[in-house]
2 protein chains.
Amino acid sequence: MSTQPSTSATAAPSGRTLEHPDRSAIRLEAVLHALSDPMRLRVVRALASHGSEMACSDVELDVSKSTCTHHFRVLREAGVISQIYRGTSKMNGLRRADLDMIFPGLLDSVLAAAEGEERRLGTAR
Amino acid sequence: MSTQPSTSATAAPSGRTLEHPDRSAIRLEAVLHALSDPMRLRVVRALASHGSEMACSDVELDVSKSTCTHHFRVLREAGVISQIYRGTSKMNGLRRADLDMIFPGLLDSVLAAAEGEERRLGTAR
DNA sequence: GTCGTAGTACGTCGCCTGTCAAACTACGAG
DNA sequence: CTCGTAGTTTGACAGGCGACGTACTACGAC
């Protein structure tokens with residue numbers, strides 16, 4: 001509902017703004033669902049390892065642009081990432097502080113699990 | 001080996017047996033997906049708080065029997081629970097040891113997150 | 001201004017998922 | 001053996017989701 005920028009003048013470096021769920025509105029099921037897609041999990045892992053913001057096009061997903069937009073939106077609406085427009089790009093950042101506050105340890109164990117799984121599958125397949 | 005009922009030894013008290021994924025075959029995405037459904041998350045929480053095995057019908061889900069069967073199967077195939085037939089019932093248990101081994105801390109943080117969320121939603125709505 | 005780049009919106013397609021009801025199987029109790 | 005209980009199977013249905021292409025908008029560079 002209403003993903004429209006509308007007439008807001010909130011300190012975004014660009015005119016456009018995006019709706020993010022408030023920290024208290026983040027739902028566990030939505031987060032788990034967002035993370036249960038391989039594509040999106042890869043995005044989250046990339047953001048986590050990179051440490052700071054990345055443009056959508058900096059994350060390597062070999063799918064079409066529209067699919068990419070879709071996944072980033074799911075992550076944002078679940079409260080997993082934050083997005084702001086910066087010039088012609090859209091920067092994405094993990095909402096680590098918010099997630100750690102309401103679901104302590106969750107993000108870290110998921111990231112660790114993802115890494116462990118990759119290692120397991122990579123070595124002893 | 002793992003937690004498979006298999007034939008003999010651990011003796012499934014009933015003739016029927018069920019396939020469980022080997023510990024090494026458990027995939028993170030599948031687990032997250034399994035846990036991202038409210039119904040299934042409730043099952044897992046019930047099993048965790050109960051501590052030992054429960055029959056399908058002991059978990060309160062107000063859906064039809066077939067839907068119930070479906071969700072339990074998803075959980076089993078994702079490697080989250082184990083199921084064995086005991087007489088006319090089917091007992092369900094959390095595969096806590098297996099999960100903790102391959103995804104350390106994951107189950108605990110999800111359970112804690114679920115509890116925290118329930119508390120948040122229940123009190124300060 | 002024009003152009004290229006980054007991302008969005010929309011419509012579509014196929015598949016997967018959650019739900020159900022109804023008919024069925026497996027077991028224990030009597 | 002008969003009956004009731006527990007769970008399965010099958011088939012159906014609606015809705016969601018991931019993928020796509022195309023047309024579009026917003027911005028910076030020139």
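Note: hydrogens, waters and symmetry copies are ignored here, and every other heavy atom, side chains too, is used. Order of the sequence lines fixes the chain letters, A, B, ..., with proteins taken first and strands second; residue numbering starts at 1 for each chain.
- Following rounding to the nearest Å, A/Met91 (CE) and D/dA26 (C1') show an atom-to-atom distance of 16 Å.
- Across all strands shown, B/Ser64 has heavy atoms under 4.0 Å from base atoms, whether or not it also approaches the sugar-phosphate.
- Between the CG atom of B/Asp100 and the CG atom of B/Asp108 there is a distance of 5.5 Å, given to the nearest 0.5 Å.
- Place B/Val74 and A/Asp58 on DNA chain C by their nearest nucleotides, and A/Asp58 ends up nearer the 5' end.
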In residues 25-36 of chain B, what donor-acceptor pairs under 3.5 Å come from side-chain atoms, sequence neighbours left out?
from: B/Arg27; atom 1: NH1; to: A/Glu117; atom 2: OE2; distance (Å): 2.1
from: B/Arg27; atom 1: NH1; to: B/Glu29; atom 2: OE1; distance (Å): 3.4
from: B/Ser36; atom 1: OG; to: B/His33; atom 2: O; distance (Å): 2.8

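- Here A/Thr67 does not reach the OP1 or OP2 of D/dG18: none of its side-chain N or O atoms lies under 4.0 Å away.
- Contacts of A/Ser57 classified as side chain to side chain donor-acceptor pair (under 3.5 Å), with partners at least two apart in sequence or in another chain: none.
- In this model, the phosphate group of C/dG7 is approached by a side-chain N or O of A/Ser57 to a distance below 4.0 Å at OP1 or OP2.
- Counting to the nearest Å, the C1' atom of D/dA19 and the CG atom of A/Asp62 are 12 Å from each other.
- Put simply, CD1 on B/Ile81 is 13 Å from C1' on D/dG7, counting in whole angstrom units.
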So which protein nitrogen or oxygen atoms get under 3.5 Å of nucleotides 8-15 of chain D's nitrogens or oxygens?
from: D/dT8; atom 1: OP1; to: B/Tyr85; atom 2: OH; distance (Å): 3.4
from: D/dT8; atom 1: OP1; to: B/Lys90; atom 2: NZ; distance (Å): 2.0
from: D/dT8; atom 1: OP2; to: B/Thr69; atom 2: OG1; distance (Å): 2.8

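- Here the CG atom belonging to A/Leu94 is positioned 7.0 Å from the CG atom belonging to A/Leu99, to the nearest 0.5 angstrom.
- Atom-to-atom, CG of B/Leu61 to P of D/dA6 comes out at 15 Å; the value is rounded to the nearest Å.
- A/Val59 is not connected to A/Val74 by any chain of hydrophobic side-chain contacts under 4.5 Å among Ile, Leu, Val, Met, Phe, Trp and Tyr, and they are in different clusters.
- Looking at the side chain of B/Thr88, the nearest of the listed nucleotides D/dG7, C/dG7, D/dA6 is D/dA6.
- Residues of residues 26-51 of chain A that place a heavy atom closer than 4.0 Å to DNA chain C do not occur.
- When side chains are defined from C-beta on, B/Cys56 does not count as touching B/Lys65, because their heavy atoms never get closer than 4.5 Å.
- Ion pairing of B/Arg45 with B/Glu118 is present here, as a side-chain N (NZ or NE/NH1/NH2) and a carboxylate O approach within less than 4.0 Å.
- In terms of the side-chain contact (heavy atoms from CB on, under 4.5 Å) criterion, residue partners of A/His71 (sequence neighbours excluded) are, by chain and number, A/Asp37, A/Met39, A/Arg40, A/Thr67.
- For B/Ser109, the side chain to side chain donor-acceptor pair (under 3.5 Å) partners are A/Ser109, not counting sequence neighbours.
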